Participant: 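Before I ask anything, here is the structure I am working with.
A note on names: the letters A, B, ... follow the listed sequences, proteins ahead of strands, and every chain is numbered from 1. Fair warning: this is a prediction, and the values are worked out from it, not measured in the lab.
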2 protein chains.
Amino acid sequence: MLKITRKVEYALIALRHMQLKQSEELTSTKEIATRYGVPQQLLAKTLQHMARDGIIEAVQGPAGGYRVATNLEQISMKDFFEKLEGPLGMMDCYFDSDCIQFGSCNIRVPIQRINDNMRNLFSQMSVQEVTQ
Amino acid sequence: MLKITRKVEYALIALRHMQLKQSEELTSTKEIATRYGVPQQLLAKTLQHMARDGIIEAVQGPAGGYRVATNLEQISMKDFFEKLEGPLGMMDCYFDSDCIQFGSCNIRVPIQRINDNMRNLFSQMSVQEVTQ
DNA sequence: ATTAAATACGACTAATATTATCGTATATAA
DNA sequence: TTATATACGATAATATTAGTCGTATTTAAT
Ligand code: FES
Ligand code: FES
């Protein structure tokens with residue numbers, strides 16, 4: 001319950017690794033996979049995902065790789081989570097409305113208040129705070 | 001990702017339902033299950049779990065049921081979550097240390113800081129805030 | 001041109017966690 | 001004695017997450 005996914009974890013590990021280098025320098029999937037003992041294929045998809053989102057930049061071909069393409073101080077953890085995993089809510093009813101029988105739920109409002117608190121927490125936290 | 005479980009949801013629905021009654025009055029599993037369209041057997045286990053934890057009190061036999069047995073203002077959502085679902089952490093390494101290859105993780109410290117923030121958020125929130 | 005090393009990406013499989021059900025035992029008021 | 005309720009371990013069904021496979025594309029180096 002209330003766990004983050006491997007995908008997010010791998011993404012953060014990769015970002016931190018890239019930030020330790022000169023900003024122009026490239027990092028390959030393989031380099032990160034072997035360095036941190038992470039499954040390369042899954043990491044690859046995660047990096048591709050971040051590249052599509054413009055968080056990192058891809059350079060193809062041999063000697064290619066990725067580099068950070070944005071100011072990570074400007075991306076909140078909430079936005080980061082949502083880019084990688086979609087809408088962030090403790091209950092599905094925060095977005096969809098198919099949580100328990102329609103209309104009969106007696107805790108929807110308070111639960112959404114909690115949800116707002118959690119989203120707010122992650123909104124006030126930048127990716128940089130994790131990867132610096 | 002970062003979702004609460006049905007068990008927790010059903011528990012909160014049940015608590016709220018019971019709080020709307022006179023404090024001595026009993027509520028059966030069936031009553032809640034039919035009222036909110038919730039699976040009765042699963043709800044039953046959840047109520048039994050809460051009874052073991054002393055959050056609610058069980059009265060057996062026909063015309064039996066449950067009633068709230070504690071001041072819900074005194075129980076934090078963090079403690080509530082942990083009673084029902086065990087240790088509360090976004091990553092397993094917060095408690096166990098078998099998250100990614102030992103020693104090679106570069107984000108353990110910052111992730112645990114985030115984790116502390118989240119635990120803190122739920123520590124400052126009482127069950128009463130949800131069920132009142 | 002050819003090769004080799006890297007990214008790109010959809011489809012698939014495996015593993016795990018969550019959710020729900022079943023069967024049976026026990027308690028107790030009527 | 002019966003009916004109705006809680007108690008609880010075991011199991012089944014479902015959903016989510018994690019990981020793999022196969023193939024295509026890009027491009028620097030030879
Ligand atoms: S309908 Fe979403 S918390 Fe009940
Ligand atoms: S070892 Fe837990 S976040 Fe990496």
Participant: Only one of B:Gln128, B:Glu82, B:Met125 forms a side-chain contact (heavy atoms from CB on, under 4.5 Å) with B:Met77, so which one is it?
Facilitator: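 Going through B:Gln128, B:Glu82, B:Met125 one by one, the side-chain contact (heavy atoms from CB on, under 4.5 Å) with B:Met77 is satisfied by B:Met125 alone.
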Participant: In whole Å, I'd like the distance from the CD atom of B:Glu31 to the C1' atom of D:dT6.
Facilitator: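 In whole Å, D:dT6 C1' lies 15 Å from B:Glu31 CD.
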Participant: Once you round it to whole Å, what is the distance between P of D:dC21 and CD of A:Gln40?
Facilitator: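 Whole-Å distance recorded here is 12 Å.
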Participant: Closest approach of A:Ile55 and A:Thr70, non-hydrogen atoms and distance?
Facilitator: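 Result for this residue pair: O-OG1, 3.2 Å.
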Participant: Round to the nearest Å and state the distance from A:Lys3 atom NZ to C:dA17 atom P.
Facilitator: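 Distance check: A:Lys3 NZ to C:dA17 P gives 9 Å.
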Participant: A:Thr27 or A:Met1: which one's nearest nucleotide on DNA chain C is closer to the 5' end?
Facilitator: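 It is A:Thr27 whose nearest nucleotide is closer to the 5' end.
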Participant: For B:Ile56 and B:Tyr66, which heavy atoms make the closest approach, and how far apart are they?
Facilitator: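 So the minimum-distance heavy-atom pair works out to CD1-CD2, 3.6 Å.
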Participant: Between A:Tyr10 and D:dG19, is there a side-chain N or O to OP1/OP2 distance below 4.0 Å?
Facilitator: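 Yes, within the criterion.
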Participant: Taking OP1 and OP2 of C:dT7, is either one under 4.0 Å from a side-chain nitrogen or oxygen of A:Thr29?
Facilitator: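 A:Thr29 to C:dT7 OP1/OP2: side-chain N or O found under 4.0 Å.
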Participant: Looking at A:Asn115 and A:Met91, what are the two nearest heavy atoms and their distance?
Facilitator: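 Distance-wise, the nearest heavy atoms are ND2-N, 4.2 Å.
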Participant: Distance check needed: C:dA29 P versus B:Leu26 CG, whole Å only.
Facilitator: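 My rounded result for the distance is 11 Å.
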Participant: Looking only at the side chain of A:Gln41 (C-beta and beyond, no hydrogens), which of the listed nucleotides D:dC21, D:dT17, D:dG19 gets closest?
Facilitator: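 So the side chain of A:Gln41 is nearest to D:dC21.
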Participant: Please determine whether the number of non-hydrogen atoms from other residues, nucleotides or ligands lying under 6.0 Å from atom NZ of B:Lys30 exceeds 12.
Facilitator: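 For B:Lys30, atom NZ is not crowded (no more than 12 foreign heavy atoms under 6.0 Å).
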Participant: For DNA chain C, find the residues of residues 61-71 of chain B with a heavy-atom distance under 4.0 Å and give them by number; none if there aren't any.
Facilitator: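 Under 4.0 Å from DNA chain C: B:Gly61, B:Pro62.
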Participant: Going by heavy atoms closer than 4.0 Å, what residues in residues 42-55 of chain B are next to DNA chain D?
Facilitator: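 Going residue by residue through residues 42-55 of chain B, the ones with a heavy atom under 4.0 Å of DNA chain D turn out to be B:Lys45, B:Gln48, B:Arg52.
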Participant: Could you check how far NZ of A:Lys7 sits from C1' of C:dC9, rounded to whole Å?
Facilitator: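 After rounding, the gap between these two atoms is 12 Å.
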Participant: Decide whether A:Gln132 and A:Glu73 meet the rule of one side-chain donor and one side-chain acceptor closer than 3.5 Å.
Facilitator: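 On atom types as modelled, these side chains do not qualify, holding no pair under 3.5 Å.
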Participant: Given atom CD of A:Glu9 and atom C1' of D:dG19, what is their separation to the nearest angstrom?
Facilitator: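 Taking atom C1' of D:dG19 as the reference, CD of A:Glu9 is at 15 Å.
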Participant: Mind listing the closest non-hydrogen atom pair of B:Lys7 and B:Glu85 along with its distance?
Facilitator: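 Looking at all heavy atoms of both residues, the closest pair is CB-OE2, 3.5 Å.
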Participant: For B:Glu129 and B:Gln124, which heavy atoms make the closest approach, and how far apart are they?
Facilitator: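 Smallest heavy-atom distance, with atoms named: OE2-O, 3.8 Å.
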Participant: Please round to the nearest 0.5 Å and tell me the distance separating atom CD1 of A:Ile4 and atom CE of B:Met118.
Facilitator: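 Nearest 0.5 Å value for the CD1-CE distance: 9.5 Å.
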Participant: Whole angstrom is fine here: how far is it from CD1 in B:Ile32 over to P in D:dA5?
Facilitator: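 Roughly 13 Å, once rounded to whole Å.
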Participant: Given atom CD of B:Glu85 and atom C1' of C:dT16, what is their separation to the nearest angstrom?
Facilitator: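 Result: 15 Å.
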